[in-house]
Amino acid sequence: MNYWLFKTEPTSFSIDDLKRKKREHWDGVRNYQARNLLRDDVKKGDQVIFYHSSCNVPAAVGIAEVVKEGYPDFTAFDKNSEHPDPKSTKERPIWYMVDIAFKKKFSKPVSLHDMRTISQLHDMRLLQKGNRLSLFPISQKHFELLSELGA
DNA sequence: GCCAACGTTGGC
DNA sequence: GCCAACGTTGGC
């Protein structure tokens, strides 16, 4: 089993949205590196730290689980969607997504600021300079530590 | 709103 | 294949 961190802007899709819907597709990734991870490496049963970015308090806010492995992101085919891409077609899809299910909302979100003060987290990708990927793998240790801190 | 750090695009 | 210009991400 693998562990991941997924970033989202809470104004477009938050942990509360996921809690309410119970399960949702993780669409809109339009970056090849992230696409490759979604298509090839994110597996059913993998655990996900749900992270809010571009907001007042950037923070890890909960846990989700992958319930469906990579399949074509159909929102790319729809020119009225948030992230249309006319180059991607049903016959030759470019972009992929997975489905995730809500597991837990942290009672104590772990802010980016706090993470920087925790030495065991220093080698996490999120804290490194120039990190712009919307999802990336994290170690089991990091996953467990964030889960405990968030509780 | 600013800006650093990327990724992507397109001319050559 | 190089590289400048441009667009995006995301913290602050």
Side-chain angles (χ1 to χ4, degrees), chain A residues 2-21 24-42 46-66 69-100 102-139 141-143 145-151:
Chain A
N2 288 312
Y3 300 90
W4 305 90
L5 186 145
F6 282 19
K7 287 188 210 167
T8 177
E9 297 188 19
T11 50
S12 55
F13 188 68
S14 71
I15 188 74
D16 290 320
D17 293 329
L18 182 63
K19 186 178 184 182
R20 189 168 54 248
K21 303 201 70 165
E24 186 58 293
H25 47 264
W26 188 266
D27 65 272
V29 169
R30 299 291 180 266
N31 167 285
Y32 285 100
Q33 238 183 308
R35 186 281 309 268
N36 292 346
L37 292 173
L38 286 172
R39 188 189 56 192
D40 304 330
D41 297 324
V42 179
D46 285 358
Q47 303 294 302
V48 174
I49 293 287
F50 200 98
Y51 176 82
H52 283 173
S53 69
S54 292
C55 54
N56 283 344
V57 184
V61 293
I63 298 171
E65 178 174 329
V66 178
E69 295 180 13
Y71 64 106
D73 181 344
F74 53 74
T75 69
F77 311 146
D78 177 4
K79 64 179 190 306
N80 296 318
S81 80
E82 303 263 324
H83 310 278
D85 183 353
K87 293 198 294 296
S88 186
T89 63
K90 280 177 192 163
E91 293 71 29
R92 288 168 173 267
I94 298 176
W95 306 113
Y96 282 73
M97 60 185 174
V98 299
D99 288 357
I100 56 172
F102 176 82
K103 279 196 79 175
K104 181 174 186 177
K105 179 181 175 180
F106 288 158
S107 58
K108 296 181 290 180
V110 186
S111 71
L112 181 62
H113 175 265
D114 288 348
M115 288 187 220
R116 292 194 194 282
T117 67
I118 298 165
S119 60
Q120 298 99 299
L121 293 175
H122 276 174
D123 54 340
M124 192 167 63
R125 193 113 157 227
L126 182 69
L127 306 183
Q128 282 155 20
K129 205 175 186 179
N131 144 68
R132 288 178 47 185
L133 265 191
S134 55
L135 68 142
F136 48 83
I138 61 176
S139 69
K141 280 201 161 76
H142 290 163
F143 178 85
L145 183 55
L146 288 171
S147 303
E148 286 167 25
L149 292 169

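Proteins get letters first, then strands, A, B, ... in listed order; numbering begins at 1 in each.
- Counting to the nearest Å, the P atom of B/dG7 and the CG atom of A/Asn36 are 13 Å from each other.
- With distances taken from any side-chain atom of A/Lys87 to the nucleotides B/dG7, C/dG11, B/dT9, the minimum falls on B/dT9.
- Distance A/Leu135 CG to C/dT9 P: 14 Å, rounded to the nearest Å.
- Out of B/dT9, B/dG7, C/dG11, the shortest distance to the side chain of A/Tyr51 is found at C/dG11.
- For A/Lys105 and A/Asp16, the salt-bridge test passes: some basic side-chain N is under 4.0 Å from an acidic carboxylate O.
- Summarising the geometry of A/Ala76 relative to A/Trp95, their closest heavy-atom pair is CB-CD1, 4.0 Å, with the distance given to 0.1 Å.
- Under 3.5 Å, the side chains of A/Tyr96 and A/Asp40 contain no donor-acceptor pair of N or O atoms.
- In this structure, of C/dG10, B/dA5, B/dG7, it is B/dA5 that holds the atom nearest to the side chain of A/Lys129.
- Regarding A/Arg30, its CZ atom lies at a distance of 18 Å from the C1' atom of B/dT9, rounded to whole Å.
- In this structure, A/Tyr32 atom OH and B/dG7 atom P are separated by 14 Å, rounded to whole Å.
- A straight line from CG of A/Asn131 to P of C/dT8 spans 19 Å, rounded to a whole angstrom.
- Near DNA chain C, meaning a heavy atom under 4.0 Å from it, residues 115-127 of chain A has A/Arg116 in order of number.
- Across the protein-nucleic acid pair, A/Trp95 atom CH2 and B/dT8 atom C1' stand 10 Å apart, rounded to whole Å.
- Closest approach to the A/Lys7 side chain among B/dG7, C/dG10, C/dG11 is made by C/dG10 (side chain taken as heavy atoms from C-beta onward).
- If you run side-chain contact (heavy atoms from CB on, under 4.5 Å) between A/Arg39 and each of A/Asn36, A/Asp41, A/Val42, only A/Asn36 comes through.
- Rounded to a whole Å, the CG atom of A/Asn31 is 9 Å from the P atom of C/dT9.
- At whole-Å resolution of the value, CG in A/Leu133 and P in C/dT9 are 12 Å apart.
- When all heavy atoms are compared, the tightest approach of A/His122 to A/Arg116 is NE2-O, 3.1 Å.
- Taking 4.0 Å as the cut-off between side-chain N and carboxylate O, A/Asp73 and A/Arg35 do not count as a salt-bridged pair.
- Taking each heavy atom of A/Ile49 and A/Ala60 in turn, the nearest pair found is CG2-CB, 3.7 Å.
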